[in-house]
Every structure is written in structure tokens, then in C-alpha cells.
K.L.:
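What follows is a single structure, and I will ask about it in a moment.
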Amino acid sequence: VQLQASGGGLVQAGGSLRLSCAASGSVFSIMGWYRQPPGEQRELVATATSGGTTNSSDSVKGRFTISRNNARKMVYLQMNSLKHEDTAVYYCYAKTRFTGREYWGQGTLVTVSS
């Protein structure tokens with residue numbers, strides 16, 4: 001299984017970014033995004049099941065939107081109205097359908113300047 005994330009970068013507060021993650025090697029029941037702010041623990045951002053059910057943290061609701069393309073094994077995170085506190089390394093996450101194993105991508109850095 002491989003997860004390849006892309007789309008991070010530097011953006012001003014109030015701006016937008018879109019993260020993408022390409023998965024391969026299995027069928028995934030859940031795909032999503034976690035993040036790790038500097039000096040803090042990794043935390044949930046948003047997840048999406050293969051059936052379309054989504055879950056997101058309260059801190060990003062109304063600003064971030066997760067979407068998924070099952071056929072292409074892609075998951076996206078549209079981030080709008082970015083805040084300085086959104087600065088973090090964002091990790092793509094996937095859980096395989098048949099074994100339940102969890103995988104992580106390499107991380108992509110999002111820096112929001114205030």
C-alpha cells in the first residue's frame with residue numbers, strides 16, 4: 001500500500017489550498033486526513049468512508065471539505081478560510097477494507113502566514 005499526498009504549501013490567512021492523496025495497493029474503507037501542528041500531537045482533520053459518510057473535527061467544520069473518488073482511489077481536502085492555527089504537517093490516512101490495517105502517507109506541510 002502506498003499513499004502519496006500533495007498540495008501543501010505557504011498561504012496567507014484567509015486563503016485556500018487543496019490537498020490530494022493518491023492511494024494504491026488495496027481497497028480502502030476509510031480515507032482521510034490528519035495533521036500534526038508544530039510541537040503537538042497528530043489530530044483528526046476529516047475522514048470519508050467509501051459509502052460517502054464524512055466526519056471532521058469541529059475546528060475545521062464549515063471551512064474544510066473532504067471528498068473522495070473511489071474509482072481513482074483519491075481523497076481530497078479543500079481548505080478554505082485558512083487560519084494560522086491550521087499550520088501543520090498534513091498526513092493522508094487510509095484503512096483497508098478487508099484487513100483493517102491502517103496506513104499513512106509521507107505528510108505535506110501547510111503553512112498559513114498571519
Side-chain angles (χ1 to χ4, degrees):
V1 172
Q2 287 189 328
L3 302 176
Q4 183 67 45
S6 61
L10 174 64
V11 63
Q12 289 187 333
S16 298
L17 280 176
R18 186 184 191 225
L19 304 183
S20 300
C21 177
S24 62
S26 188
V27 177
F28 304 99
S29 58
I30 300 173
M31 297 182 71
W33 298 92
Y34 283 70
R35 68 186 182 186
Q36 187 166 13
E40 299 183 30
Q41 293 186 334
R42 194 173 297 188
E43 61 186 21
L44 168 73
V45 178
T47 59
T49 70
S50 56
T53 300
T54 62
N55 178 48
S56 60
S57 69
D58 289 342
S59 63
V60 305
K61 282 180 179 175
R63 301 187 298 121
F64 292 10
T65 302
I66 189 169
S67 60
R68 182 172 166 175
N69 184 318
N70 291 330
R72 297 184 63 190
K73 296 183 181 180
M74 297 285 296
V75 62
Y76 307 95
L77 186 69
Q78 178 65 44
M79 305 185 293
N80 298 328
S81 302
L82 282 159
K83 303 176 182 180
H84 178 68
E85 50 264 43
D86 294 318
T87 295
V89 177
Y90 284 70
Y91 294 92
C92 180
Y93 163 86
K95 184 176 184 178
T96 59
R97 175 172 296 174
F98 302 115
T99 66
R101 286 189 64 178
E102 299 177 313
Y103 295 88
W104 299 90
Q106 84 284 9
T108 185
L109 177 63
V110 172
T111 303
V112 184
S113 61
S114 56

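Reckoned from all heavy atoms, side chains included, excluding hydrogens, waters and symmetry mates.
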K.L.:
Do Y76 and I66 have side chains that get closer than 4.5 Å, going by heavy atoms?
P.N.:
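Not in contact.
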K.L.:
Are C21 and W33 side-chain neighbours, meaning at least one heavy-atom pair lies under 4.5 Å?
P.N.:
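Yes - at least one pair of side-chain heavy atoms lies under 4.5 Å apart.
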K.L.:
Provide the closest heavy-atom pair for V45 versus V60 in the form atom of the first, atom of the second, distance.
P.N.:
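Closest approach of V45 to V60: O-CG2, 3.7 Å.
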K.L.:
Hey, are the side chains of M31 and Y103 touching, using non-hydrogen atoms and a 4.5 Å cut-off?
P.N.:
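A side-chain contact is absent here, since even the closest heavy-atom pair is not under 4.5 Å.
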K.L.:
What's the spacing between S56 OG and K61 NZ if we round to 0.5 Å?
P.N.:
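The NZ atom of K61 is 5.0 Å from OG of S56, to the nearest 0.5 Å.
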K.L.:
Can you check whether Q78 reaches F64 side chain to side chain, under 4.5 Å on heavy atoms?
P.N.:
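SC-SC contact between Q78 and F64 ruled out.
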K.L.:
Is there side-chain contact between T111 and V11, with at least one heavy-atom pair below 4.5 Å?
P.N.:
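With C-beta onward as the side chain, the pair stays apart.
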K.L.:
Would you say that P37 contacts E85 through its side chain, given a criterion of any heavy-atom pair below 4.5 Å between the two side chains?
P.N.:
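When only atoms from C-beta onward are counted, E85 and P37 do not touch, as no gap falls below 4.5 Å.
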K.L.:
Without swapping roles, check the side chain of H84 against the backbone of S113 for a donor-acceptor pair under 3.5 Å.
P.N.:
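No; judged by distance alone, with no hydrogens or angles, the pair does not exist.
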K.L.:
Which word best sums up how the rings of Y34 and W104 line up, parallel for under 30°, tilted for 30 to 60°, or perpendicular for over 60°?
P.N.:
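The rings of Y34 and W104 stand perpendicular, inter-plane angle above 60°.
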K.L.:
If hydrophobic clusters are built by linking Ile, Leu, Val, Met, Phe, Trp and Tyr wherever their side-chain heavy atoms come under 4.5 Å apart, do Y93 and V89 end up in the same one?
P.N.:
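Linked within one cluster.
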K.L.:
Counting only heavy atoms not in E40 (residues, nucleotides, ligands), do more than 12 fall under 6.0 Å from its CD?
P.N.:
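Yes - once you tally the heavy atoms of other residues, nucleotides and ligands closer than 6.0 Å, there are more than 12.
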K.L.:
Donor-acceptor check, side chain of S81 to backbone of G14, threshold 3.5 angstrom: yes or no?
P.N.:
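Here the side-chain-to-backbone pair does not exist.
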K.L.:
Between T96 (side chain only) and F98 (backbone N and O only), is there a donor and an acceptor less than 3.5 Å apart?
P.N.:
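Answer holds: no.
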K.L.:
Side chains of N70 and S50: donor-acceptor distance under 3.5 Å anywhere?
P.N.:
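Not at all, the side chains of N70 and S50 share no donor-acceptor pair under 3.5 Å.
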K.L.:
Is there a side-chain contact between L19 and M79, using heavy atoms and a 4.5 Å cut-off?
P.N.:
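They are in side-chain contact.
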K.L.:
Check the side chains of R97 and S26 for a donor-acceptor pair under 3.5 angstrom, ignoring hydrogens and angles.
P.N.:
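No.
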K.L.:
Of the non-hydrogen atoms in S59 and R35, which two are nearest, and what is the gap between them?
P.N.:
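In terms of heavy atoms, the two residues are closest at OG-NH2, 3.4 Å.
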K.L.:
Taking all atoms of both residues into account, what is the closest heavy-atom pair of L3 and Q106, and its distance?
P.N.:
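Result for this residue pair: O-OE1, 3.6 Å.
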K.L.:
For A5 and C92, which heavy atoms make the closest approach, and how far apart are they?
P.N.:
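Closest approach of A5 to C92, heavy atoms only: CB-CB, 4.3 Å.
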K.L.:
So, taking the atom named CD in Q2 and the one named NZ in K73, what distance separates them when rounded to the nearest 0.5 Å?
P.N.:
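With rounding to 0.5 Å, CD (Q2) is 12.0 Å from NZ (K73).
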K.L.:
How many angstroms lie between atom CZ of R68 and atom CZ of F28, to the nearest 0.5 angstrom?
P.N.:
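Atom-to-atom, R68:CZ and F28:CZ are 8.5 Å apart.
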K.L.:
Out of curiosity, does L109 fall in the hydrophobic cluster containing L77 (side-chain heavy atoms, cut-off under 4.5 Å, transitive links)?
P.N.:
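No; tracing contacts between hydrophobic side chains, which count when under 4.5 Å, never links both residues.
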K.L.:
Can you see which heavy atom on D86 is nearest to which on R63, and at what distance?
P.N.:
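So the minimum-distance heavy-atom pair works out to OD2-NH1, 2.7 Å.
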K.L.:
Closest heavy-atom contact between N80 and S16?
P.N.:
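It is OD1-OG, 2.9 Å.
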K.L.:
Is there a side chain to side chain contact (heavy atoms under 4.5 Å, CB included) between L17 and L82 once you walk through the steps?
P.N.:
CA-CA 8 Å; L17 280 176; L82 282 159; 4.2 Å; yes
